[in-house]
Amino acid sequence: MRVATFNVNGIGARLGALLQWLEETKPDVACLQELKAPQERFPLAEINAAGYGAIWQGQKSWNGVAILARGTDPVEVTRGLPGDPSDEQSRYLEAVVNDIVICGLYLPNGNPAPGPKFDYKLAWFERLIARAQQLIDTGAPVVIAGDYNVMPTELDVYKPERWVDDALFRPETRAAFQRLVNQGWLDALRAIHPDEVIYTFYDYFRNAYGRNAGLRIDHLLLSPTLAPALRAAGTDHAVRGREKPSDHVPTWVELDLSALKA
DNA sequence: ATGTCCCAAGGATTGGGA
């Protein structure tokens with residue numbers, strides 16, 4: 001089973017690129033972020049025609065997340081990150097696909113830091129940590145996939161010294177991610193490739209992709225009960241080099257669910 | 001500070017966000 005995450009940066013502008021990627025790589029589950037479309041403007045007919053069921057949480061102009069499942073409809077569990085009913089931003093969905101709990105997230109960027117946006121990021125992180133602990137406690141196999149807007153370590157940034165004051169790399173942000181992982185989650189790409197430079201995002205500015213000046217900010221975390229199924233992990237790097245690309249690179253894991261059966 | 005791209009308002013270009 002392949003589970004992927006892809007920040008599309010506008011489902012309207014990226015539908016062609018998305019459909020091409022789905023056709024080429026055929027992920028069983030795809031978590032999408034930054035739909036940048038209201039609920040009624042999600043291209044369900046095209047997604048269905050590509051062989052995928054979907055649930056999504058839209059929002060005008062910004063944010064927006066979706067979970068796609070090949071040949072089936074995701075069974076929705078939770079819409080919106082628990083912990084703050086006043087939070088109106090569309091950044092979190094949970095669904096069950098093939099008995100695996102799929103959490104798709106778009107964690108706030110948080111810039112400029114310090115400031116209210118950074119405070120919102122850290123508060124959102126605390127809610128995520130609380131929800132993630134609940135998920136661990138269920139014992140269910142879970143993957144939390146998405147755009148975390150966090151580079152976990154210096155290996156995940158092309159020039160760490162330039163990013164120390166940025167909301168994506170500040171000590172508070174990295175510490176929050178580490179606390180999340182320390183609950184028992186496995187950072188799947190880093191587990192498979194412990195020393196490799198892997199980037200999942202390249203700025204549109206200054207030919208960042210051509211210079212390989214990237215960041216690793218899209219992650220798939222596996223619960224302790226799912227980690228034994230991990231077989232491979234990687235990115236679809238070349239997608240970023242196409243015409244009119246998203247600024248993010250699709251990122252995926254390959255799971256062998258038969259390894260979970262006793 | 002800059003660079004680029006997406007979306008929306010308004011009906012061209014500008015502003016917000018990343």
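Keep in mind that the numbers below use all heavy atoms, side chains included, and drop hydrogens, waters and symmetry copies. Numbered from 1 within each chain, the chains take letters A, B, ... in sequence-line order.
Rounded to a whole angstrom, the distance from the P atom of B/dC5 to that of B/dA1 is 22 Å. B/dG11 and B/dC6 are spaced 23 Å apart, taking the P atom of each and rounding to whole Å. For the C1' atoms, the distance from B/dA12 to B/dC7 is 15 Å, rounded to whole Å. Comparing B/dA8 with B/dT2, their C1' atoms sit 25 Å apart, to the nearest whole Å.
To the nearest angstrom, P of B/dC7 lies 10 Å from CD1 of A/I11. A straight line from CG of A/L18 to C1' of B/dC6 spans 16 Å, rounded to a whole angstrom. For the pair A/Q33 CD and B/dC7 P, the interatomic distance rounds to 16 Å; values are reported in whole Å. In this entry the distance linking CZ of A/R14 with C1' of B/dT4 reads 11 Å, nearest Å. One interatomic measurement links the two molecules: CG of A/D166 to P of B/dT2, which rounds to 17 Å at whole-angstrom precision. Rounded to whole Å, the distance from NZ on A/K60 to C1' on B/dG10 is 13 Å. As rounded to whole Å, 12 Å separates atom C1' of B/dC7 from atom NZ of A/K244.
The ring-ring contact (aromatic ring centres under 6.0 Å, His included) test with A/Y209 singles out one residue from A/Y158, A/Y202, A/Y204, and that residue is A/Y202. Each of A/N149, A/D166, A/D165 was compared with A/N111 under the side-chain hydrogen bond (donor to acceptor under 3.5 Å, both in side chains) criterion, and only A/D166 meets it.
Pairs engaging residues 28-58 of chain A under the ring pair (Phe, Tyr, Trp, His ring centres under 6.0 Å) rule: A/F42-A/W56 [sequence neighbours left out].
An OP1 or OP2 oxygen of B/dA8 is reached within less than 4.0 angstrom by a side-chain nitrogen or oxygen of A/R41.
With sequence neighbours excluded, the residues satisfying salt bridge (Lys or Arg N to Asp or Glu O under 4.0 Å) with A/K26 are A/E23. Residues satisfying the ring pair (Phe, Tyr, Trp, His ring centres under 6.0 Å) criterion with A/Y148, sequence neighbours excluded, are A/F177, A/H219. In this structure, A/R41 has no salt bridge (Lys or Arg N to Asp or Glu O under 4.0 Å) partners at least two apart in sequence or on a different chain.
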Between the protein and nucleotides 15-18 of chain B, list the N/O to N/O atom pairs that are separated by less than 3.5 angstrom.
none

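A/L122 shares a hydrophobic cluster with A/F118; the chain of contacts runs through ILVMFWY side chains whose heavy atoms sit under 4.5 Å apart.
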